Engineer: 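Quick one: the structure is below, questions incoming.
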Amino acid sequence: MLQSGLVKYLRDGKGFEGTLIVAAVLYLLVFAAFPLIYTVVMSFQEVDMFTLGTLVRPFAGLTNYTDLFHRPEFAPIVWNTMIFVTLSIAFQLTIGFALALFFLQDFPGSTYVRGLFLAGWILPALVVGAVWRWIFAGDFGVLNYALQSLGLIDGQIYWLSDPAYALYSVIIANIWLGIPFNMILLSVGLAGIPGDVYEAAEMDGANVIQRFLTITLPMMGPTLGAVVALGVIFTLQQFDLVAALTQGGPANASNVAQYWSWQMSFQTYEISGGATVATMMIALVIVVAVIYVRSVQREQSF
Amino acid sequence: MATEESTFQFLPWAQSAGGDFNAINTDGSVRALQFWQKLVDDKVATPEVLVLNQPDLGSQFVAGNIGMIVTGCWELPRFAKEVKFDWRVALMPIEKAGAPRASALGELAYAVPRTSAHPDEAFKFLEYIYAQSSRDWNEYGWLPLDQTATPKDPKWPEAYAVFAEQMKYARGRGPSPVWPKVSKAIQTAIQDTLTHKTDAKTALDTAQSTIDGLIK
């Protein structure tokens with residue numbers, strides 16, 4: 001009797017809602033909050049291989065941070081990260097937006113082709129990286145072969161091993177990887193703009209460019225904000241492509257913060273250094289996440 | 001590429017010219033790194049060495065794109081099966097007649113944690129591993145460090161003779177509890193030099209001061 005009462009309570013009553021909430025909160029606590037706080041804590045501690053197993057370690061104050069700022073690779077890597085994020089998002093967004101507008105046109109097969117674009121996005125970034133590594137290969141790569149056949153370049157361009165190109169090669173691959181995601185999100189936003197607004201504008205004699213600037217862009221504002229915010233978060237997470245393409249080399253030319261953090265934590269075992277980089281990235285991502293949440297709220301208020 | 005592999009590859013060149021991991025800015029080490037730089041500058045070695053790892057470069061050799069490769073005997077099983085042209089194994093070159101030979105060793109350090117509840121079992125396990133040394137060459141293409149553990153009937157006898165000879169000059173890296181950081185300093189020097197960020201001397205001086213700070 002008691003047992004069936006409990007089951008009934010959990011299945012139908014308030015208990016059901018409570019269970020769902022507890023499960024979700026428990027999941028967040030274990031898999032999001034704990035690692036996050038743990039990382040922040042480690043950035044203020046002295047951590048090495050021998051103190052990994054314990055939680056109580058010597059307090060380091062801000063030395064991990066000052067040590068990090070004084071490293072010769074700090075400034076170049078911050079700069080690389082800024083270039084990486086800015087260029088990736090600028091091109092992912094404009095190309096994705098252009099494609100979304102293109103596939104909004106009613107032509108045979110448009111929905112199928114748009115769906116096919118997602119194929120690139122569902123590939124694991126490591127696989128994408130391996131493919132781009134063959135494309136970019138200096139001596140026997142497809143890209144150099146194509147450019148040479150077209151007569152655009154004379155010698156080889158060492159896309160991945162020339163410090164002048166390495167970062168931009170990773171960015172190109174990342175742009176390719178991010179375009180489908182941007183396109184799909186923006187397509188959804190475009191589909192939400194009521195058609196009669198365009199009809200009315202057309203009757204009033206607004207041309208295509210006027211309609212884009214005065215209707216599409218303002219009405220897409222919240223969506224664009226959300227896509228940019230998600231883009232910053234995803235780009236700052238983009239670890240696999242760097243690992244597959246250049247591993248941050250040559251001579252840190254294509255190293256970015258997220259990869260540097262991993263290198264310190266798992267290659268040279270400067271775990272507190274890695275945690276410090278990660279903590280600073282968390283702070284940045286929180287700012288971006290706030291923008292994202294506010295953007296989504298504005299979107300819903302439409 | 002900038003991993004332990006590049007330190008592993010470079011140390012024998014430095015050692016043969018009179019340097020070592022704790023004396024990485026000696027004249028000999030600088031000459032060794034300058035030689036590497038020249039190989040890349042003259043396009044004798046592809047600049048891709050900056051980002052490719054050992055197995056990747058091994059594949060380029062298998063494909064016939066590279067004519068000569070400095071690598072270890074662990075590649076022998078694959079090369080013996082896949083390389084379609086006539087190829088041989090030779091001793092590592094030395095700077096000039098009479099210079100000491102050198103070669104690198106790896107995976108020799110085992111650690112039993114102080115807090116381990118089963119240290120005796122750990123040592124038994126290590127003894128078991130070393131008792132199996134004579135299987136290394138024929139089954140895995142590894143050369144046992146234990147000179148008494150020679151395989152009975154070595155595969156690829158010509159290559160075996162060369163590697164067995166080279167083994168006499170092999171040295172372990174370090175050992176040092178801060179090895180990953182020591183190695184990173186050497187990797188940075190190699191990458192900075194091959195990309196002409198700095199010259200070999202400056203790069204190795206920087207590495208030396210980093211390493212001095214680490215091992216005191």
Side-chain angles (χ1 to χ4, degrees), chain A residues 48-54 67 70-73 76-77 129-130 132-134 136-141 144 155-167 169-170 242-255 259-260 262-274, chain B residues 1-7 37 40-41 43-53 56-57 59-67 109 111 113-116 176-198 202-203 206-207 209-211 213-214:
Chain A
D48 59 32
M49 293 284 276
F50 296 102
T51 53
L52 256 188
T54 51
D67 172 57
H70 285 112
R71 286 179 194 231
E73 62 264 44
I77 289 176
W132 276 98
R133 206 155 72 120
W134 290 328
F136 282 134
D139 295 312
F140 309 99
N144 274 345
Q156 267 107 353
I157 294 181
Y158 287 94
W159 295 100
L160 299 175
S161 50
D162 187 328
Y165 294 103
L167 178 65
S169 304
V170 181
V242 186
L245 282 170
T246 60
Q247 307 213 341
N252 278 331
S254 64
N255 209 355
Y259 194 76
W260 193 33
W262 177 83
Q263 276 184 326
M264 279 201 270
S265 301
F266 301 109
Q267 278 191 323
T268 48
Y269 305 112
E270 296 164 89
I271 294 153
S272 29
Chain B
M1 79 182 328
T3 62
E4 181 64 27
E5 278 176 8
S6 64
T7 310
Q37 189 184 37
V40 175
D41 286 350
K43 309 267 167 172
V44 177
T46 169
E48 302 275 273
V49 292
L50 283 159
V51 289
L52 290 184
N53 63 21
D56 286 337
L57 287 164
S59 302
Q60 298 282 357
F61 179 74
V62 170
N65 296 331
I66 293 178
R114 190 176 53 192
T115 49
S116 167
S176 160
V178 287
W179 182 256
K181 289 173 195 165
V182 171
S183 174
K184 185 84 189 171
I186 299 174
Q187 295 160 27
T188 307
I190 296 171
Q191 293 264 324
D192 286 356
T193 306
L194 297 193
T195 55
H196 285 278
K197 233 170 137 178
T198 53
T202 320
T206 311
S209 66
T210 310
I211 294 168
L214 288 167

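In the text below, chain A, chain B and the rest are named by the order of the sequence lines, each starting its count at 1. Here the structure is a predicted model, which is why all the values come from computation and not from measurement.
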Engineer: For A:Asp67, check side chain to side chain contact (heavy atoms under 4.5 Å, CB included) against everything at least two apart and list the hits.
Structural biologist: A:Arg71
Engineer: Which answer fits A:Gln267, side chain, backbone, both or neither, if we ask what part of it has an atom under 4.5 Å from a heavy atom of chain B?
Structural biologist: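 For A:Gln267, heavy atoms of backbone and side chain both lie under 4.5 Å from chain B.
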Engineer: Does B:Glu48 reach the main-chain N or O of A:Gly138 with its side chain, forming a donor-acceptor pair under 3.5 Å?
Structural biologist: yes
Engineer: Step by step, would you call B:Gln37 with B:His196 a side-chain contact (heavy atoms from CB on, under 4.5 Å)?
Structural biologist: CA-CA 8 Å; B:Gln37 189 184 37; B:His196 285 278; 3.0 Å; yes
Engineer: Check whether B:Asp56 gets within reach of chain A through its side chain, its backbone, both or neither, counting any heavy atom under 4.5 Å.
Structural biologist: side chain
Engineer: Passes side-chain contact (heavy atoms from CB on, under 4.5 Å), B:Asn65 versus A:Asp139? Steps please.
Structural biologist: CA-CA 9 Å; B:Asn65 296 331; A:Asp139 295 312; over 6 Å; no
Engineer: Are the side chain of B:Ser183 and the backbone N or O of B:Trp179 linked by a donor-acceptor pair below 3.5 Å?
Structural biologist: no
Engineer: Of all residues at least two apart in sequence or in a different chain, which pass the ring-ring contact (aromatic ring centres under 6.0 Å, His included) check with A:Tyr158?
Structural biologist: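 In terms of ring-ring contact (aromatic ring centres under 6.0 Å, His included), with neighbours along the sequence ignored, A:Tyr158 is linked to no residue.
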Engineer: Sequence neighbours excluded, which residues qualify as side chain to side chain donor-acceptor pair (under 3.5 Å) partners of B:Thr3?
Structural biologist: none
Engineer: If contact means a heavy atom pair closer than 4.5 Å, which residues of residues 159-167 of chain A contact chain B?
Structural biologist: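 Residues in range: A:Leu160, A:Ser161, A:Pro163.
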Engineer: Which atoms of A:Ala253 are under 4.5 Å from chain B, going by heavy atoms: the side chain, the backbone, both sets, or neither?
Structural biologist: neither
Engineer: At a 4.5 Å cut-off on heavy atoms, which part of B:Gln60 comes close to chain A: side chain, backbone, both, or neither?
Structural biologist: side chain
Engineer: Need one label for A:Gln263: side chain, backbone, both or neither, based on atoms under 4.5 Å from any heavy atom in chain B.
Structural biologist: side chain
Engineer: If every non-hydrogen atom of A:Ile157 is compared with every non-hydrogen atom of A:Asn144, which pair is closest and at what distance?
Structural biologist: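 Nearest heavy atoms, A:Ile157 then A:Asn144: O-ND2, 2.8 Å.
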